[in-house]
Amino acid sequence: MNSLMSNTASSNIFWHNCPVEKADRQKLLKQKGCVVWITGLSGSGKSTLACTLGRELHSRGKLSYILDGDNLRHGLTKDLGFKAEDRAENIRRVGEVAKLFADAGLICIASLISPYRKDRDACRALLPDASFIEVFMNISLEICEARDAKGLYKLARAGKIKGFTGIDDPYEPPVNSEIEIKEKDGICPTPVAMAGEVVSYLEEKGYLHD
Ligand SMILES: Nc1ncnc2c1ncn2[C@@H]1O[C@H](COP(=O)(O)OS(=O)(=O)O)[C@@H](OP(=O)(O)O)[C@H]1O
Ligand SMILES: Nc1ncnc2c1ncn2[C@@H]1O[C@H](COP(=O)(O)OP(=O)(O)O)[C@@H](O)[C@H]1O
């Protein structure tokens, strides 16, 4: 049955149901669709965790897909900059795409700074049950800045990039993340250890089985 949709900018649009549903796809893939949302400062290790986790899941025969903020800004979100409303629209769009991947039955790994709590919580609200798993990269600005893999902190400190997260733009840490990756005495867990923590969580919550 098709139903009339409301609450969008367009009117007279209908939702079409299809006979193959999420549960059928999950059975086929022998896993449960979910979103692993990795948030943290630039240089905190989001992409490193996303890639290591993706590889680990692949080696276990689990289908995942990475949505990386930096990469998506070359296409899906290339019209957006870094002011608060652009970041909000960036997170909204990626949240909607992540929701589709989860509905397809995949383990969708989203890796974006996503500095605003409200924007991340709006993505959480898009997902059913507890299938939005927030991973907070709680790595100090000092470590991120010392890494400065892309030289962006240096440019931000020199005033050549304005509104850089952590320097002259805010980052609101999660208050209730499902997973927190923390440094200990200035030492970060290895990429494999970080990915292991997420895999254990997914295993424990039943996402790696149908
Ligand atoms: N002003 C400013 N602030 C923060 N980051 C900046 C900025 N300008 C460019 N970059 C580069 O953009 C990457 C972050 O993109 P995101 O889409 O993840 O950002 S956000 O979630 O919309 O805040 C970020 O990548 P990561 O280092 O992987 O986080 C930077 O390479
Ligand atoms: N757990 C880690 N231990 C040591 N170095 C790391 C770790 N995670 C990331 N790095 C290094 O830090 C830099 C930034 O990592 P990256 O994954 O690109 O961060 P982000 O995506 O958050 O900007 C890279 O040079 C990466 O090799």
Side-chain angles (χ1 to χ4, degrees), residues 35-56 64-98 108-124 126 132 134-174 177 179-200:
V35 174
V36 175
W37 189 280
I38 308 171
T39 172
L41 293 174
S42 177
S44 59
K46 301 182 299 295
S47 305
T48 302
L49 170 56
C51 291
T52 313
L53 176 60
R55 202 177 50 214
E56 177 59 30
S64 69
Y65 193 79
I66 297 172
L67 299 175
D68 188 282
D70 236 352
N71 293 354
L72 296 174
R73 280 175 175 277
H74 287 81
L76 178 72
T77 54
K78 69 176 172 190
D79 54 322
L80 302 174
F82 289 93
K83 52 184 199 283
E85 52 277 35
D86 281 15
R87 292 190 201 246
E89 173 60 10
N90 183 31
I91 301 316
R92 188 196 69 79
R93 266 184 224 174
V94 178
E96 290 285 356
V97 173
C108 181
I109 306 166
S111 156
L112 298 99
I113 296 179
S114 41
Y116 296 109
R117 207 171 286 136
K118 180 163 76 67
D119 300 337
R120 294 191 303 265
D121 286 348
C123 292
R124 181 186 286 278
L126 290 173
F132 182 90
E134 193 172 23
V135 181
F136 172 33
M137 303 299 292
N138 190 0
I139 306 298
S140 68
L141 176 63
E142 289 67 32
I143 290 188
C144 298
E145 192 168 357
R147 287 175 174 165
D148 206 8
K150 301 172 197 156
L152 297 179
Y153 281 103
K154 198 164 174 227
L155 291 175
R157 288 287 185 198
K160 291 182 181 152
I161 301 178
K162 301 281 182 216
F164 196 78
T165 308
I167 304 297
D168 57 347
D169 224 47
Y171 179 80
E172 299 172 358
S177 60
I179 301 172
E180 186 175 345
I181 305 288
K182 269 197 276 196
E183 64 195 77
K184 213 172 162 197
D185 304 324
I187 311 280
C188 296
T190 64
V192 169
M194 300 194 293
E197 217 176 304
V198 181
V199 169
S200 299

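Everything numeric here is computed off the predicted structure, so don't read it as measured data. One-based numbering, in listed order, for ligands and for the atoms of each.
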Considering distance alone, does some N or O of G45 sit under 3.5 Å from an N or O of ligand 2?
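It does: an N or O of G45 is found under 3.5 Å from an N or O of ligand 2.
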
Does any N or O of ligand 2 fall below 3.5 Å from an N or O anywhere on S111, backbone included?
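So ligand 2 has no N or O lying under 3.5 Å from an N or O of S111.
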
In terms of residue, atom name and distance, what is the protein heavy atom nearest to [atom]?
atom: atom 22 (O) of ligand 1; value: N90 ND2, 2.7 Å
atom: atom 18 (O) of ligand 2; value: S47 CB, 4.2 Å
atom: atom 29 (O) of ligand 1; value: K46 NZ, 2.9 Å
atom: atom 27 (O) of ligand 2; value: T48 OG1, 4.2 Å
atom: atom 13 (C) of ligand 1; value: D70 OD1, 3.4 Å
atom: atom 21 (O) of ligand 1; value: S114 N, 2.8 Å
atom: atom 24 (C) of ligand 2; value: A149 CB, 4.1 Å
atom: atom 2 (C) of ligand 1; value: F164 CD1, 3.4 Å
atom: atom 7 (C) of ligand 2; value: R147 NH2, 3.4 Å
atom: atom 14 (C) of ligand 1; value: I113 CD1, 3.6 Å
atom: atom 23 (O) of ligand 2; value: G43 N, 2.7 Å
atom: atom 12 (O) of ligand 1; value: F82 CZ, 3.2 Å

Counting only heavy atoms closer than 4.0 Å, does ligand 2 sit against the backbone of M137, its side chain, both, or neither?
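Neither part.
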
Element-labelled atoms of ligand 1 that are located less than 4.0 Å from some non-hydrogen atom of [X]:
X: I91; result: 21 (O)
X: L112; result: 17 (O), 18 (O), 21 (O)
X: G163; result: 1 (N), 2 (C), 3 (N)
X: K150; result: 25 (O), 26 (P), 27 (O), 28 (O), 31 (O)

Atom CG in L41, atom CZ in R147: separation rounded to 0.5 Å?
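Between atom CG of L41 and atom CZ of R147 there are 10.5 Å.
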
If I take atom OG1 from residue T48 and atom CE from residue M194, how far apart are they, to the nearest 0.5 angstrom?
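T48 OG1 to M194 CE: 6.0 Å, rounded to 0.5 Å.
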
Run down the list R87, R73, R147 and name the one with the heavy atom closest to atom 17 (O) of ligand 1.
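Result: the heavy atom closest to atom 17 (O) of ligand 1 is in R73.
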
If you count heavy atoms of other groups shown closer than 6.0 angstrom to OH of Y171, is the number above 12?
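Enclosed.
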
Does even one non-hydrogen atom of P189 get within less than 4.0 Å of ligand 2?
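In this structure, P189 qualifies as a contact of ligand 2 - some heavy atom is under 4.0 Å.
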
Quick check on L41 - does any of its heavy atoms sit under 4.0 Å from an atom of ligand 2?
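For ligand 2, residue contact (heavy atoms, under 4.0 Å) with L41 is present.
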
Hey, does the Lys NZ or Arg CZ of R73 hover above the aromatic six-ring of F82, less than 6.0 Å from the centre and inside 45° of the axis?
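Yes.
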
With a 4.5 Å cut-off on side-chain heavy atoms, are C108 and L67 touching?
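Touching, per the 4.5 Å side-chain cut-off.
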
